[in-house]
Student: 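Right, I'll just put the structure down here and ask away after.
For the single chain, residues carry numbers from 1 onward in sequence order. On a predicted model such as this, the values are computed, not experimentally measured, just so you know. Atoms within a ligand are numbered from 1 in the order they appear, just like the ligands themselves.
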Amino acid sequence: MSELESTSITRRLGVLRPDSIRLKILGLAVLATLLPSVGTAWISYLENKRALEAKANEELLSVSAQSARELDIWARDRRYDLRVFASSYEITENIQSVARGSSPTAQQRVTDYLKSVSERFGDYDELLILAPNGQVVATSGERATAVELPEGWQERLKGGDFITGTPYWDDVDQRPEIVIAVPIVVASSERMLGTLAAEVDLLGLVDTLKTFAPGDSGLATLLTAEGSLIVSSAGGSAEAMQLRYPRETIQAQLENGATPVELTDVTGERVFGSMRPVAGIDWIVVAAIPTAEVYAQLARMRIVTVSIVAGTLLVAAMVGYALGLIITRPLDRLTRAASKVAAGQLEVELVGTKGGEVGYLTEVFRDMVSRLRTSREELERLSVTDPLTGLDNRRRMMESLQNEVLRSRRLEHSFSVVMVDVDHFKEYNDAHGHVAGDEALKRVATVLRGALSDGDAVARYGGEEFFVLLPETAATAAADFAKRVRAALEKHAPPAGPVTLSFGIAAYPAHGDSGEALIRAADAALYEAKRGGRDRSVVARGAERVKAARG
Ligand code: GH3
Ligand code: MG
Ligand code: MG
């Protein structure tokens, strides 16, 4: 792996990649938070929706029931009032003369009576008396104007009933009114002598409805049996009286038995409404709360819920991220270390992380790196060591020699090199075999090594040749070294039989100022030693020429 690749691994560890463990942990944390919190929020949303609807329904049912009861009482009171007026002596006594038109006095008395009632009871705008044929025979008003009564009113009144007309807008009084009529009967005969009709003010019902209006912005509304608006808790107006519920809605709701449902009201607004017929009069009350109001709390709750979920999510994401960092940091360290090792740098330090899978992995990795380091050191050692003797090999020796040349040149010091060759080794092999020959070479190596001082170096140069480097040593001292070696080898001869050595000595800078020159000089001296009869040392020719010494 190149340096470039390993830095790109390091860079990749720093960011949130889609396949990184950190992102997976982050995703898991977010998901683990999102699922239950959204689930809980959804359930509580549904529960709250149900509770709010139930609360609204309860209120609507109660409001529609109470207002229907109140209106029923109102209608009964009006009937009672009119019955009382109709049965007054002033009317029953004079009605027949008035109907005949024969007595101006009777006419006057009836009219006065009607006027006094109208003045005393503000709700009754105008009171009229109708002859059995429907003609107005007396009125509290200025002129006799016909009143509209529902079809078949005479028949119904004969049955002793109380009848109501269609509510209408009175332009003069600027208020909604209704005509209510009761029969005038003589108690003794039960005969119907005429009809007492009254224009009754309905604006007063607005206040009644207001006391029942449900919720904050809900309305209690009074409708005719056909669904036309009469008045509502919001007031009454000519325009409002034009509004109406479709017949199907009215029908469906009355069959529904006042159970609140979501519907579109007369103004087109969506509401929860409960409709009920009023018992004493042919009207319907509607209690309604706008859907928006019912669900307003839900909308507020939604904001709170979303904020809570978002907050929880943020915390979970932060915890997930932190957890991801804690988990992946040792992995990152391991990955970086692995990429360094892959790039050939075995000097990696792995700190911390004890226990757990990652701790174990770190331990294994550390052990692996340590083994790698050991085997690389072993390889390095083997690459510069001669396998038979364990001495430095020729390659290592050449390095040492170059270094020594540089060092001595810089310090202007001198040193010596010694080329050593086993005498007649071919014959030794022939005589004792190669295994014994190897043993002899090992013995020579041991003896050479034993004769070294600190800082000296010995190498196997090749075959049965050795090379010794003696820093800070003059040629004469090198010759002493050779002497010591020969003596020691004589004393510790190889098991198969004694061997002798020839030495060629050269000194820096006298016999050469480079490694090659010194080797050449030592080689030449060695050749001299061989030619001179072997088992001796010869110093290279030059300033410090020393005679071949034997023994
Ligand atoms: P001289 O005194 O002139 O050096 O004679 P020599 O026989 O030692 O020289 P020559 O160069 O003719 O022979 C060297 C021999 O050393 C030949 C070879 O068999 C032997 N030799 C070289 N390396 C090894 C080794 O590793 N083990 C053994 N057993 N013998 C080796
Ligand atoms: Mg040789
Ligand atoms: Mg030899």
Student: Are Tyr428 and His432 close enough, and set up right, to give a ring-ring contact (aromatic ring centres under 6.0 Å, His included), and what steps lead you there?
Tutor: CA-CA 6 Å; Tyr428 191 89; His432 306 291; 4.5 Å; yes

Student: Please list, in number order, the atoms of ligand 1 under 4.0 Å from a heavy atom of Asp423.
Tutor: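 Near Asp423, meaning under 4.0 Å from one of its heavy atoms, ligand 1 has 2 (O), 8 (O).
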
Student: In the protein, what heavy atom is nearest to atom 6 (P) of ligand 1, and what distance, to one decimal place, separates them?
Tutor: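 Ranking protein heavy atoms by distance from atom 6 (P) of ligand 1, first comes Phe425 N, 3.3 Å.
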
Student: Test your reading of the structure: does Leu441 have an N or O sitting under 3.5 Å from an N or O of ligand 1?
Tutor: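 No, Leu441 has no N/O under 3.5 Å of an N/O on ligand 1.
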
Student: Hey, are Arg407 and Glu412 close enough for a salt bridge, meaning a charged N less than 4.0 Å from a carboxylate O?
Tutor: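 Judged by the 4.0 Å cut-off on N to carboxylate O distance, Arg407 and Glu412 do not form a salt bridge.
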
Student: Heavy atoms only, cut-off 4.0 Å: how does Arg460 contact ligand 1, side chain, backbone, both, or neither?
Tutor: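 The answer is the side chain.
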
Student: Donor-acceptor pair, distance only, cut-off 3.5 Å: does the side chain of Arg536 make one with the backbone of Arg534?
Tutor: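 Yes, Arg536 side chain to Arg534 backbone: donor-acceptor pair under 3.5 Å.
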
Student: Which pairs with one or both residues in residues 490-501 pass side-chain hydrogen bond (donor to acceptor under 3.5 Å, both in side chains), sequence neighbours excluded?
Tutor: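 side-chain hydrogen bond (donor to acceptor under 3.5 Å, both in side chains) check on residues 490-501 returns Asp423-Thr500.
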
Student: Measuring only between side-chain heavy atoms, which start at C-beta, is Val468 closer than 4.5 Å to Leu452?
Tutor: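 The answer is yes; the side chains approach within 4.5 Å.
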
Student: Where the closest heavy atom to atom 30 (N) of ligand 1 is concerned, which of Thr500, Val422, Leu526, Asn429 has it?
Tutor: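 Minimum heavy-atom distance to atom 30 (N) of ligand 1 goes to Asn429.
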
Student: State the atoms of ligand 1, each with its element, that fall below the 4.0 Å cut-off from a heavy-atom position in Gly437.
Tutor: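 Numbered from 1, ligand 1 contributes 29 (N).
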
Student: In terms of residue, atom name and distance, what is the protein heavy atom nearest to atom 27 (N) of ligand 1?
Tutor: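 Protein heavy atom with the smallest distance to atom 27 (N) of ligand 1: Asp438 OD1, 2.8 Å.
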
Student: Tell me whether Phe365 at atom CZ has more than 12 heavy atoms from other residues, nucleotides or ligands lying less than 6.0 Å away.
Tutor: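 Yes, because the 6.0 Å sphere around CZ of Phe365 holds more than 12 heavy atoms from other groups.
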
Student: Between Ser62 and Gln66, is any side-chain donor less than 3.5 angstrom from a side-chain acceptor?
Tutor: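 Yes, Gln66 and Ser62 have a side-chain donor paired with an acceptor closer than 3.5 Å.
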
Student: To which protein heavy atom is atom 23 (N) of ligand 1 closest, and what is the distance rounded to 0.1 Å?
Tutor: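 Looking at atom 23 (N) of ligand 1, the protein heavy atom closest to it is Gly463 CA, 3.3 Å.
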
Student: Are more than 12 heavy atoms from other residues, nucleotides or ligands located less than 6.0 Å from atom CZ of Arg531?
Tutor: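 No, not enclosed.
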
Student: May I ask you to list the protein N, O or S atoms found at less than 2.8 Å from the Mg ion (ligand 3)?
Tutor: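 Sorted hits: Asp421 OD1, Val422 O, Glu464 OE2.
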
Student: Among residues at least two apart in sequence or on other chains, which ones pass side-chain hydrogen bond (donor to acceptor under 3.5 Å, both in side chains) with Tyr295?
Tutor: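 side-chain hydrogen bond (donor to acceptor under 3.5 Å, both in side chains) list for Tyr295, sorted by chain: Glu53.
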
Student: Does any donor atom in the side chain of Ser383 or Arg395 lie under 3.5 Å from an acceptor atom in the other side chain?
Tutor: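 On atom types as modelled, these side chains qualify, holding a pair under 3.5 Å.
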
Student: For atom 9 (O) of ligand 1, what's the nearest protein heavy atom and its distance?
Tutor: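 Minimum-distance protein heavy atom for atom 9 (O) of ligand 1 reads Glu464 OE2, 4.1 Å.
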
Student: Who are the ring-ring contact (aromatic ring centres under 6.0 Å, His included) partners of Phe466, not counting sequence neighbours?
Tutor: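 For Phe466 there are no ring-ring contact (aromatic ring centres under 6.0 Å, His included) partners, ignoring immediate neighbours.
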
Student: For residues Ser64 and Arg276, is any side-chain donor paired with an opposing acceptor at under 3.5 Å?
Tutor: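 Yes.
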
Student: What atoms of ligand 1 come closer than 4.0 angstrom to any heavy atom of His424?
Tutor: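 In order of numbering, the contacting atoms are 1 (P), 2 (O), 5 (O), 6 (P), 7 (O), 8 (O).
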
Student: In the complex you have, is atom 11 (O) of ligand 1 within reach of the protein, judged by whether a heavy-atom distance drops under 4.0 Å?
Tutor: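 Within 4.0 Å: no protein heavy atom nearby.
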
Student: Less than 3.5 Å between some nitrogen or oxygen of Glu427 and one of ligand 1, yes or no?
Tutor: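 N/O-N/O distance below 3.5 Å does not exist for this pair.
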
Student: Check each atom of ligand 1 against the heavy atoms of Asp421 and keep those under 4.0 Å away; list them by number with element.
Tutor: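 Ligand 1 atoms under the 4.0 Å threshold to Asp421: 4 (O).
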
Student: Can you report which non-hydrogen protein atom sits closest to atom 7 (O) of ligand 1, along with the distance?
Tutor: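 The closest heavy atom on the protein side is Lys426 N, 2.9 Å.
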
Student: Go through the side-chain N and O atoms of Arg460 and Thr389 and say whether any donor and acceptor fall under 3.5 Å apart.
Tutor: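 No, because no side-chain N or O of Arg460 sits under 3.5 Å from a partner of the opposite role on Thr389.
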
Student: Could you tell me the residue and atom name of the protein heavy atom closest to atom 3 (O) of ligand 1, and the distance to it rounded to 0.1 Å?
Tutor: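 Nearest neighbour among protein heavy atoms for atom 3 (O) of ligand 1, to 0.1 Å: Arg534 NH2, 2.9 Å.
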
